[in-house]
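Report on the structure given below.
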Amino acid sequence: MTSPVRIAVTGAAGSIDYSLLFRIAAGEMFGKDTPVILQLIEIPPAMEALEGVAMEIDDCAFALLEDMILTDDPEKGFDGANIALLIGGKPRGSGMERADLIRANGPIFAEQGKALNAVAADDVRVCVVANPCNTNALITMHNAPDIPNEQFSAMTRLDENRAKSQLASKAGVPVRSVSNMGIWGNHSNTMYPDFFNAQIDGRPVSEVIDDQRWLKEEFISTVQGRGSAIIEARGSSSAASAANAAVDHVRDWFSTTPEDDWHAMAVKSPGAYGVTEGLIFSFPVRCDGEGNYEIVEGIELNDFAREKIEITEQQLLEEREVVQDLLS
Ligand code: NAX
């Protein structure tokens with residue numbers, strides 16, 4: 001057994017966390033030899049519901065769960081955290097535009113960034129899930145100046161998983177046959193799932209799926225609109241699949257990505273591929289097994305891809321404009 005990993009999770013009484021916490025405590029994020037301490041953060045009105053979730057976690061008698069902290073104080077919740085999953089936020093209300101949602105959530109992430117800066121472990125890795133997750137991650141990062149920028153990310157792994165599953169189903173192969181599925185840009189309906197560089201059993205996707213119209217139109221719009229399609233069908237937003245993606249995101253951040261594959265993570269743009277420096281932008285990345293990532297270099301982007309990437313970059317620039325005052 002290694003020493004326990006402290007995992008702080010916000011929105012702990014919410015839908016995603018109701019699927020996520022049990023999987024973390026069962027060892028799916030850090031393996032069966034690593035004990036975990038769950039530091040569960042909510043807002044005061046949800047603390048009673050959180051007590052109920054904690055009772056259920058207790059009732060699972062998870063062998064790896066060493067301790068559980070329940071709090072509505074971010075400084076207590078992030079204290080010593082090695083991992084911080086920022087999942088809690090305000091939902092989009094009726095009649096709310098994207099800019100309104102960004103403004104409503106911004107201050108939460110400014111406050112949480114400051115709290116992380118003050119009390120998290122030096123090695124903390126932050127993954128923002130709450131929407132708009134790229135811009136929320138940007139705000140969090142700017143408010144935590146003592147934590148290296150490379151320790152922040154936003155989650156686009158659900159988009160990678162959705163894209164892989166669509167390609168596998170169209171090609172009639174198992175999902176494990178699909179690799180190198182990059183997602184570029186914002187976790188929103190402007191993201192660009194890059195099928196040109198994805199592979200099926202080591203071959204370019206467009207050699208296996210001989211249908212450019214489907215790839216360029218239906219595939220992209222299905223992946224971009226998958227969240228809305230799920231809300232329409234289920235009456236509420238993706239929860240179990242988002243929790244699964246969060247497990248994948250953190251587990252693979254601490255795993256060695258095979259040299260011939262990559263994953264999608266939204267991270268600070270260093271100006272790679274001409275993307276404005278400083279935005280939290282989803283790129284294809286490889287990780288080194290110790291919580292470090294590198295943006296994959298040398299990926300070929302044709303005019304079609306560049307046009308799509310510019311659209312999603314433009315949206316992120318507009319989002320950044322809306323929260324400029326929070327980027328201290
Ligand atoms: P829920 O509304 O079920 O849960 C959110 C929880 O956050 C609530 O319990 C609420 O009390 C809590 N909360 C609100 N403000 C908080 C604060 N300041 N500190 C701590 N907790 C706070 O939403 P859920 O379905 O769990 O979704 C959570 C977030 O994930 C949403 O912003 C949603 O848009 C986003 N998603 C992101 C995805 C991604 O791929 N990046 C996909 C799924 C999901 O749409």
Side-chain angles (χ1 to χ4, degrees), residues 8-21 39-54 69-78 81 84-93 96 98 100-102 104-116 126-140 143 153-163 183 185-191 193 223-232 234-250 263-267 280-282:
V9 186
T10 70
S15 308
I16 295 177
D17 285 32
Y18 192 67
S19 289
L20 175 65
L21 300 175
Q39 308 192 162
L40 308 179
I41 307 169
E42 258 297 347
I43 49 175
M47 286 305 289
E48 195 181 339
L50 181 58
E51 296 280 351
V53 174
I69 293 157
L70 279 55
T71 181
D72 57 12
D73 174 359
E75 288 220 358
K76 193 172 166 210
F78 292 134
L85 287 153
L86 308 191
I87 298 175
K90 289 189 184 157
R92 194 170 187 156
M96 243 178 163
R98 194 169 169 91
D100 299 330
L101 180 73
I102 294 170
N105 275 288
I108 296 176
F109 294 88
E111 186 201 4
Q112 293 183 352
K114 289 188 174 79
L116 283 162
V126 181
C127 169
V128 182
V129 174
N131 281 318
C133 63
N134 297 53
T135 296
N136 290 340
L138 183 74
I139 297 168
T140 311
N143 283 276
S153 64
M155 187 176 93
T156 49
R157 182 57 179 262
L158 179 54
D159 309 308
E160 173 187 331
N161 290 347
R162 285 168 169 169
I183 301 291
N186 202 1
H187 169 71
S188 77
N189 59 8
T190 65
M191 83 188 77
V223 177
Q224 290 177 335
R226 189 68 166 179
S228 309
I230 285 166
I231 292 174
E232 204 166 301
R234 211 173 82 87
S236 50
S237 61
S238 336
S241 56
N244 177 69
V247 171
D248 287 349
H249 177 110
V250 176
H263 291 294
M265 256 173 97
V267 297
I280 298 286
F281 199 91
S282 184

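Remember, it's 1-based here, ligands and their atoms both numbered in the order they're listed.
At distances below 3.5 Å, at least one donor-acceptor pair connects side-chain atoms of N136 with backbone N or O atoms of A130.
Every atom of ligand 1 with a heavy atom of L158 under 4.0 Å away is listed here by number and element: 40 (O), 42 (C). In summary, the atoms of ligand 1 found under 4.0 Å from a heavy atom of I41, numbered by their order in the structure, are 20 (C), 21 (N). For ligand 1 and S238, the ligand atoms under 4.0 Å from any heavy atom of the residue are 43 (C). Close approach of ligand 1 to M155 (heavy-atom distance below 4.0 Å) involves ligand atoms 39 (C), 40 (O), 41 (N). Of all atoms in ligand 1, listed by their number and element, those nearer than 4.0 Å to a heavy atom of A13 are 9 (O). For ligand 1, the atoms lying closer than 4.0 Å to a non-hydrogen atom of C133 are 41 (N).
Looking at atom 14 (C) of ligand 1, its nearest protein heavy atom turns out to be G89 O, 3.4 Å. The protein heavy atom nearest to atom 11 (O) of ligand 1 is E42 OE1, 2.7 Å. At the shortest separation from atom 34 (O) of ligand 1 among protein heavy atoms lies N131 ND2, 2.8 Å. Distance from atom 39 (C) of ligand 1 to its nearest protein heavy atom, with residue and atom name: H187 NE2, 3.2 Å. I43 CG2, 3.4 Å is the protein heavy atom nearest to atom 16 (C) of ligand 1. When hydrogens are left out, the protein atom nearest atom 37 (C) of ligand 1 is V129 O, 3.0 Å; that is the closest non-hydrogen contact. For atom 44 (C) of ligand 1, the closest non-hydrogen atom of the protein is I16 CD1, 3.7 Å. Closest to atom 19 (N) of ligand 1, if we only count protein heavy atoms, is Q112 NE2, 3.4 Å.
Of all heavy-atom pairs spanning A264 and E160, the tightest one is N-OE1, 2.7 Å. Across all their heavy atoms, M155 and C127 have their closest contact at CB-SG, 4.0 Å. In this structure, A54 and L70 approach most closely via the heavy-atom pair CB-CD2, 3.7 Å.
At least one protein heavy atom sits closer than 4.0 Å to atom 41 (N) of ligand 1.
For the atom pair I87 CD1 and N131 CG, the distance stands at 11.5 Å (nearest 0.5 Å).
Remark: the R162 side chain and the S238 side chain contain an N/O donor-acceptor pair separated by less than 3.5 Å.
With a 4.0 Å heavy-atom cut-off, ligand 1 is reached by the backbone of S15 and by its side chain too. Contact annotation for A46 and ligand 1: only side-chain heavy atoms (C-beta onward) come within less than 4.0 Å of the ligand.
Each of D248, N244, V247 was checked for a side-chain contact (heavy atoms from CB on, under 4.5 Å) with R157, and the lone residue meeting it is D248. Of the residues T135, N134, D159, T156, the one that meets the side-chain hydrogen bond (donor to acceptor under 3.5 Å, both in side chains) test with H187 is D159.
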Take V53 and L40, measure what side chain to side chain contact (heavy atoms under 4.5 Å, CB included) needs, and give me the verdict at the end. CA-CA 10 Å; V53 174; L40 308 179; 5.6 Å; no

Using side chain to side chain contact (heavy atoms under 4.5 Å, CB included), reason through Q39 and T71 one step at a time and then give a plain yes or no. CA-CA 8 Å; Q39 308 192 162; T71 181; over 6 Å; no

Working for side chain to side chain contact (heavy atoms under 4.5 Å, CB included), residues F78 and T10: CA-CA 9 Å; F78 292 134; T10 70; 3.8 Å; yes

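Residue-to-ligand polar distances keep K90 apart from ligand 1: every N/O pair is separated by 3.5 Å or more.
The closest approach between a heavy atom of G227 and any atom of ligand 1 is not below 4.0 Å.
In this structure, K114 does not pair ionically with E111, as no charged nitrogen and carboxylate oxygen lie closer than 4.0 Å.
Distances from atom 18 (N) of ligand 1 to the heavy atoms of I108, V128, L20, L101 put I108 nearest.
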